[in-house]
Amino acid sequence: METKQFHFQLAPTSWLTMVRQLFAKYELDTANAGITYTLDIVPTQGEDLLLTVDPDRIEQVYANIIYNAIKFSPSGGFIDVRVEIRDEPCEILIRVTDTGVGISEEDLPHIFERFYKVSKSRSNSGGSGLGLAIAKEIVQYHGGQIWAESRLGKGCSISFSLPLHRV
């Protein structure tokens, strides 16, 4: 799936409204999985900043990250969404951290490649190995970056950034 195959409808969007809507949309899914789901918005003076994004595509990115976090976290685990605004460059950073099984050091550099599936405890979970590759393409189309940090057995953090601009 290359971004050429997607149709993007970019629109100015309030970052705060978008974050709250994305978070709320997955509260029931996390609750049903027995996972504590929290939102931490770092205080900022940037309420007047906007994203120029396709909200449906950014939701696709977020959904992929959240569903992976749910899939690989045990009941009783945690998923924390932390949001902060950075000045240089002016961007929003969204970090989703879970208490799941984590990703090994050797697998970590490859998780955004198409059809790559992490081995061992994660391999029996289904999925096509396309979700994070598609998320990467969408984020990059919007001028952002996506990356992961993890240690096997210690959970995972998937972060992405998107450029912001003033009203």
Side-chain angles (χ1 to χ4, degrees), residues 1-4 6-27 29-30 35-70 72-73 77-100 102-105 107-114 116 130-152 154-167:
M1 299 270 173
E2 294 182 21
T3 51
K4 301 181 257 252
F6 290 119
H7 177 68
F8 289 89
Q9 294 190 346
L10 301 178
T13 306
S14 161
W15 69 267
L16 190 55
T17 300
M18 182 191 77
V19 163
R20 288 181 175 152
Q21 287 173 346
L22 288 173
F23 181 83
K25 188 164 188 170
Y26 299 93
E27 286 180 299
D29 293 310
T30 53
I35 295 171
T36 301
Y37 180 52
T38 58
L39 176 62
D40 177 19
I41 299 175
V42 176
T44 182
Q45 299 297 315
E47 286 83 11
D48 63 329
L49 297 171
L50 294 176
L51 295 158
T52 299
V53 296
D54 181 327
D56 292 335
R57 295 294 174 215
I58 297 304
E59 181 185 338
Q60 188 177 359
V61 170
Y62 187 84
N64 193 292
I65 294 168
I66 289 296
Y67 283 134
N68 279 341
I70 292 169
F72 298 114
S73 294
F78 296 88
I79 297 174
D80 179 58
V81 179
R82 181 177 172 88
V83 179
E84 60 185 271
I85 303 303
R86 294 181 167 178
D87 291 330
E88 292 297 323
C90 187
E91 64 184 7
I92 185 171
L93 172 65
I94 300 172
R95 174 174 286 127
V96 178
T97 302
D98 66 50
T99 55
I103 302 168
S104 72
E105 196 174 309
D107 286 321
L108 198 57
H110 306 287
I111 65 169
F112 295 103
E113 295 172 9
R114 287 192 222 173
Y116 189 82
L130 283 173
L132 289 176
I134 291 170
K136 179 181 178 182
E137 289 185 23
I138 292 170
V139 168
Q140 288 178 337
Y141 177 87
H142 286 87
Q145 296 180 322
I146 188 168
W147 64 95
E149 301 165 82
S150 183
R151 287 184 40 215
L152 197 56
K154 302 288 184 186
C156 181
S157 290
I158 305 282
S159 304
F160 66 99
S161 64
L162 297 167
L164 291 164
H165 58 89
R166 299 222 175 263
V167 176

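Keep in mind it's a predicted model, so treat the numbers as computed, not measured.
Separation of atoms NZ (Lys25) and CD1 (Ile66) is listed at 12.5 Å; rounding is to 0.5 Å. Taking CD1 of Ile146 as the start and CD1 of Ile138 as the end, the distance is 9.0 Å to the nearest 0.5 Å. Met18 contributes atom CE, which lies 6.0 Å from atom CD1 of Ile58 (distance to the nearest 0.5 angstrom). For the atom pair Glu137 CD and His142 NE2, the distance stands at 13.0 Å (nearest 0.5 Å). Between atom CD of residue Glu113 and atom NZ of residue Lys136 there is a gap of 7.5 Å, rounded to the nearest 0.5 Å.
Side chains of Leu49 and Thr44 form no contact here, defined as non-hydrogen atoms less than 4.5 Å apart. Side-chain contact between Asp54 and Tyr141: absent, with no pair of heavy atoms (C-beta onward) separated by less than 4.5 Å. The shortest side-chain heavy-atom distance between Ile65 and Ile94 does not fall under the 4.5 Å cut-off.
Heavy-atom minimum distance, Leu152 versus Ser104: CD1-N, 3.9 Å. Scanning both residues, Ile103 and Cys156, for their nearest heavy atoms gives CD1-SG, 3.7 Å. Taking each heavy atom of Gly155 and Ser150 in turn, the nearest pair found is O-OG, 2.7 Å. Contact detail for Ser73 and Ile35: the closest heavy-atom pair is CB-CD1, 3.8 Å. The nearest pair of heavy atoms linking Ala63 to Tyr26 is CB-OH, 3.1 Å. For Ala69 against Val96, the heavy-atom pair with the smallest separation is CB-CG1, 4.5 Å.
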Exercise answer: donor-acceptor pairs, residues 36-43 side-chain atoms, under 3.5 Å, sequence neighbours excluded:
residue	atom	partner	partner atom	Å
Tyr37	OH	Phe23	O	3.1
Tyr37	OH	Tyr62	OH	2.7
Thr38	OG1	Asp80	OD1	2.6
Asp40	OD2	Arg82	NH1	2.8

Only distances under 3.5 Å count here; give the side-chain donor-acceptor pairs of residues 158-167 to other protein atoms, sequence neighbours excluded, each with its distance to 0.1 Å.
residue	atom	partner	partner atom	Å
Ser159	OG	Arg95	NE	2.9
Ser161	OG	Gln145	N	3.4
His165	NE2	Thr52	OG1	2.6
Arg166	NH1	Asp48	OD1	3.2
Arg166	NH1	Asp48	OD2	3.3

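No donor-acceptor pair closer than 3.5 Å links the side chain of Ser157 to the backbone N or O of Glu149. The backbone N or O of Gly46 sits less than 3.5 Å from a side-chain atom of Trp15, completing a donor-acceptor pair.
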key: Stepwise side chain to side chain contact (heavy atoms under 4.5 Å, CB included) test for Ile134 and Asn64   = CA-CA 9 Å; Ile134 291 170; Asn64 193 292; 5.9 Å; no

